[in-house]
Amino acid sequence: MYLTITQRLRETLGAHIREKYGCEISITLERPPKLELGEAASPVCFELAKRLRKAPRQIAQEIAGSLPPIAGVARMEVAGGGYLNAFFDRRAFWENLRAENTGERGRVNGALGRVIVEHTSINPNKAAHIGHLRNAVLGDTMVRMLRHTGHEVAVQNYIDNTGVQVADVVITFREMEKKSLPEVKKLAGQPGFDYLCWDLYAKATQFFEEEKARAAKLRGETLKAIEEGEGEIAEMATVIADAIVSLHLRTMARLDIFYELLARESEILHLHFWDAAFEKLKASGAIQLSTSGKNAGCWIMPWGKEVKEAEEIQEVKESPTGALTSSADEDGQAKIIVRSNGTVTYVGKDIAYQLWKFGLLGKDFQYRKWPAPPDAKTVWATTTEKSDPGAPHFGEATAVYNVIDTRQAYLQEVVAEGLRALGHAREAENSIHFDYQIVALTPRCAAELGYEIAADEAKKAYVEVSGRKGHGVKADDLITKLEAAALAEVQPRHPEMPAKEQLATAHAIAAGALRFFLLKYTRNTIIAFDFKDALSFEGETGPYCQYAVVRIRAIRRKGVEAGAARAELTKESVDKFLGGVEGNGLWELVLDSGTLDYAVDAGIGAQEPAFVAKYAFQLAQGFNVFYHKHHILSETDEQKRAFLLGLTELVERQLVRALYLLGIEAPEKM
RNA sequence: GCGCCCGUAGCUCAGUUGGAUAGAGCGUCUGCCUUCUAAGCAGAGGGUCGGGAGUUCGAAUCUCCCCGGGCGCGCCA
């Protein structure tokens, strides 16, 4: 609602200034610091003053006096040195907001069209940890926000099932644990397999450090076998990766995170996605065969400062083979795409995958349903077998969000540059690296978990999570711990509640606490994880927001029990309760309720789910203040009680909506 | 060496892209449960926005220079 009115205000103001003064100016709007200054304000006259060589206040007065009426805006005032302040029509806002049942669905901002969001993408060789959760929760929340604003979104989870990390676990099973394929199959079917692999992977890291030569040889052989996809080694890798993926899906389902497609690297390999991309890259000259220098024999993509030079050289020396005969790559940071032994690097595969996402590769996967998905929600996976005829159409997006931590920024740039070099500038532009900072452990937390920390690390503010070392807070452990803590709060409060409901409530609180904890920080803040903060249910937390909803629902239940008749609210009453300075308190809560669209819009624009988390918290806070100030059910003035109840319902609806966007469920009681 | 990011209250962080008196949570102290759930509310205290210079009507926000910290730059992914 707020966004609707401010957009109208922006347009009208812009058009009016264009007409009146003949200048094109972008209208900045802000929320004034105090309600007495209105609901929206523009400092545009300060900027205008420079161009028109007139006092800003005078301009503001001219505009305020001549601006055509705007629906939803009661009046404009001039304040300070030249602010233009808009005062909303409070009753209209209230009525329109209450009538707005559909939320913001259907309203598409921009022309994004079909969107792919890739998130989670955990190496399928060990249990998920807290860092993976940040990725998944950020991605999932962004998906919810995009869908809320009417975008068609497909969620994809990339499965690197043929990589080094899976190979390392295979090696550990075979060489160190001396396990046969049937034995591994058996283990993979047992609970806790992801935890077992977590420990094994840490062991492998040790082995690789201690016996470098032997390890390197084994890794090479294992990788090759996995890539070729045949034989016992390959089968063991498949068994491990598939089992771990299923466990990851279950972990994420605990936080209400689901996927449409599991895109597996094995299919990118076996369906020859890279070959197709390679031909395109060669043909366009985007990559070149280096014939001299340290990269001799590699296909490289010029990078950094060299891009320009290389392009110039390209123009002069169009070589039919694509071979770069100059020495431009000799000293530079040219990115290697194909190694001198003919194998493709990760970036190369990623370019192929990215091309597919935009429908630019000229190839498609085959699809099958993933077996036994959590909550019986269909998940599709890529396959080399015949495609399931019921599979939906994947790919061909107009925008792609890749949720990957910020350390990979450079590689993501290379991928985008690859698209650009192929002449897909728009797709390169719409390849959004949705980057975020890592989750680290506070030194105290690392100590609590019993990790040995090197002396230089102990001095730092935080300790990096390391899958290789086996250092990290496992996702399932954390969720379980939170559930236990929440249950300990629920039980004494609701001894009458059936055990099953107590558990469900505790789960909702645990998941809410965790998701909110991961979302309240903006993306580029390193989260220094500590159990004390993550386990908190007070203050700026998910449970605080859930609690506000629970309070509202308690009021409604009690109201129904009391059987009190609800008076029909008159226009005069609404004007009275929201009007003037006395109405400011209630009006502010109405206004905050109606600001969700604005928060979501800003959140999508800045790619910051944290904006929605902040919104939910502030609305909950506003409600709690209201709750203490007004006792609703004992209100004797019927009109007032009807109004307070209406407002309560409004807050509930908006807060539940905001929480839904954050992937947080509001329980009935807690 | 080159590139990117960060430094805001005791601690952890916001500050919606340059706007009005810099905000919140935690922690500390003081109050508030016989009324709709105290996972709450009210109040107090706490700031040279790392430092300096500049840009302009206006800077936590933009530019430059320092100081302090983090990350990236591989024929790994």
Side-chain angles (χ1 to χ4, degrees), chain A residues 28 30-34 37 41-43 46-47 49-50 55-56 79-83 85 123 160 163-165 265 294-300 303-305 333 335-343 345-347 349-350 405-411 435 437-438 440 442 460-462 464 486 489-490 493-494 509 513 520-522 524-528 530 532-533 536-541 543-544 546-548 550-559 561-562 598-599 601-603 605-606 608 610-611 613-615 617-618 621 624-625 627-635 648 669-670:
Chain A
T28 54
E30 49 158 321
R31 181 97 177 253
K34 283 162 77 177
L37 297 169
S42 180
F46 296 110
E47 181 64 30
K50 267 187 277 188
Y83 279 96
N85 293 350
N123 272 304
D160 184 5
V164 176
Q165 294 214 14
E265 185 166 79
K294 62 174 184 179
N295 296 332
C298 298
W299 287 87
I300 57 149
W303 187 247
K305 287 176 192 163
Q333 323 165 343
K335 189 68 205 167
I336 291 163
I337 307 297
V338 181
R339 302 181 188 101
S340 57
N341 68 3
T343 57
T345 61
Y346 157 78
V347 182
K349 282 181 270 191
D350 222 27
D405 80 59
T406 191
R407 291 174 303 186
Q408 295 201 38
Y410 166 66
L411 291 170
D435 65 322
Q437 270 292 1
I438 55 165
T442 61
K460 291 186 180 176
Y462 32 74
E464 205 174 326
E489 298 284 335
V490 172
R493 283 168 221 244
H494 301 285
I509 293 165
K520 68 191 265 193
Y521 301 96
T522 49
N524 74 9
T525 299
I526 295 175
I527 299 180
D530 198 298
K532 187 178 141 287
D533 296 331
S536 170
F537 299 150
E538 288 164 18
E540 195 174 347
T541 66
Y544 176 96
Q546 292 170 312
Y547 190 63
V550 164
R551 279 181 151 172
I552 293 170
R553 290 179 174 165
I555 293 169
R556 208 177 41 202
R557 274 199 311 275
K558 285 278 160 65
E561 276 170 30
Y598 178 72
D601 187 71
E608 281 291 7
F611 288 6
K614 188 64 88 183
Y615 170 82
F617 173 65
Q618 281 168 350
Q621 209 173 29
N624 275 330
V625 173
Y627 177 88
H628 280 271
K629 211 176 272 177
H630 304 274
H631 199 273
I632 297 160
L633 295 179
S634 63
E635 175 59 53
T648 297
K669 295 178 182 177
M670 65 186 270

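Please read all numbers here as calculations on a predicted model, not as lab measurements. Just so it is clear: chains get the letters A, B, ... in the order the sequence lines come, proteins before strands, and each one is counted from 1.
R407(A) contributes atom CZ, which lies 5.0 Å from atom CD1 of I438(A) (distance to the nearest 0.5 angstrom).
At rA14(B), one or more side-chain N or O atoms of T525(A) fall inside 4.0 Å of OP1 or OP2 (strictly under the cut-off). For rA38(B), one of the phosphate oxygens OP1 or OP2 lies less than 4.0 angstrom from a side-chain nitrogen or oxygen of R551(A). Checking the phosphate oxygens (OP1, OP2) of rG27(B), no side-chain nitrogen or oxygen of K532(A) falls inside 4.0 Å. Residue R339(A) places at least one side-chain N or O under 4.0 Å from the OP1 or OP2 atom of rA77(B). Applying the 4.0 Å criterion to OP1 and OP2 of rA39(B), one finds that R493(A) has a side-chain N or O inside that range. In this structure, Y544(A) reaches the rC41(B) phosphate: one of its side-chain N or O atoms is under 4.0 Å from OP1 or OP2. A close approach under 4.0 Å does occur between a side-chain nitrogen or oxygen of Y547(A) and OP1 or OP2 of rA39(B).
Per the stacking criterion (ring centres < 5.5 Å, plane angle < 30°), Y410(A) does not stack onto the base of rG72(B).
In the set rC57(B), rC41(B), rA39(B), rA39(B) carries the atom at the smallest distance from any side-chain atom of E538(A). Of the candidates rA39(B), rG19(B), rC41(B), rC41(B) carries the atom nearest the V625(A) side chain, counting heavy atoms from C-beta on. Ranking rU37(B), rC41(B), rA39(B) by closeness to the Q621(A) side chain, first place goes to rC41(B). Checked against rC76(B), rC75(B), rG40(B), the side chain of H628(A) finds its nearest nucleotide in rG40(B). For I555(A), whose side chain is taken as the heavy atoms from C-beta onward, the closest listed nucleotide among rA39(B), rC36(B), rU37(B) is rC36(B).
In this entry the distance linking CZ of R31(A) with P of rG19(B) reads 16 Å, nearest Å.
Spacing of C1' atoms, rA14(B) relative to rG51(B), comes out at 24 Å, to the nearest Å. Annotation: rG46(B) and rA9(B) have their C1' atoms spaced 6 Å apart (nearest Å).
Judged purely by atom type and a 3.5 angstrom limit, N295(A) has no side-chain atom pairing as donor or acceptor with the backbone of C298(A). A donor-acceptor contact shorter than 3.5 Å links the side chain of H494(A) to the backbone of M670(A). Looking only at distances, a side-chain donor or acceptor of S42(A) sits under 3.5 Å from a matching main-chain atom of T28(A).
Results of the side chain to side chain contact (heavy atoms under 4.5 Å, CB included) test with E540(A) over K614(A), Q618(A), Q621(A) single out K614(A) as the only residue that passes.
The base of rA42(B) is not paired with the side chain of N624(A) by any donor and acceptor separated by under 3.5 Å. Side-chain atoms of K614(A) stay outside donor-acceptor range of the base of rU16(B), with no qualifying N/O pair under 3.5 Å. One cannot find a donor-acceptor pair under 3.5 Å joining the base of rC75(B) and the side-chain atoms of T345(A).
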State the dot-bracket string of RNA chain B. Criteria: Watson-Crick or G-U wobble, both atom distances under 3.5 angstrom; notation: ( ) intrastrand, [ ] crossing earlier pairs, | interstrand, . unpaired. (((((((..((((.....[...)))).(((((.......))))).....(((((..]....))))))))))))....

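Here the shortest heavy-atom pairing between Y83(A) and P43(A) reads CE2-CB, 3.8 Å. Of all the heavy atoms in S536(A) and A513(A), the pair that sits closest is O-CB, 4.5 Å.
Syn is the glycosidic conformation of rC33(B), whose angle stays within 90° of 0.
Within the 4.5 Å cutoff, side-chain heavy atoms of Y627(A) are placed close to those of I555(A).
Within the nucleic acid shown, E489(A) comes within 4.0 Å of at least one base atom, counting heavy atoms only.
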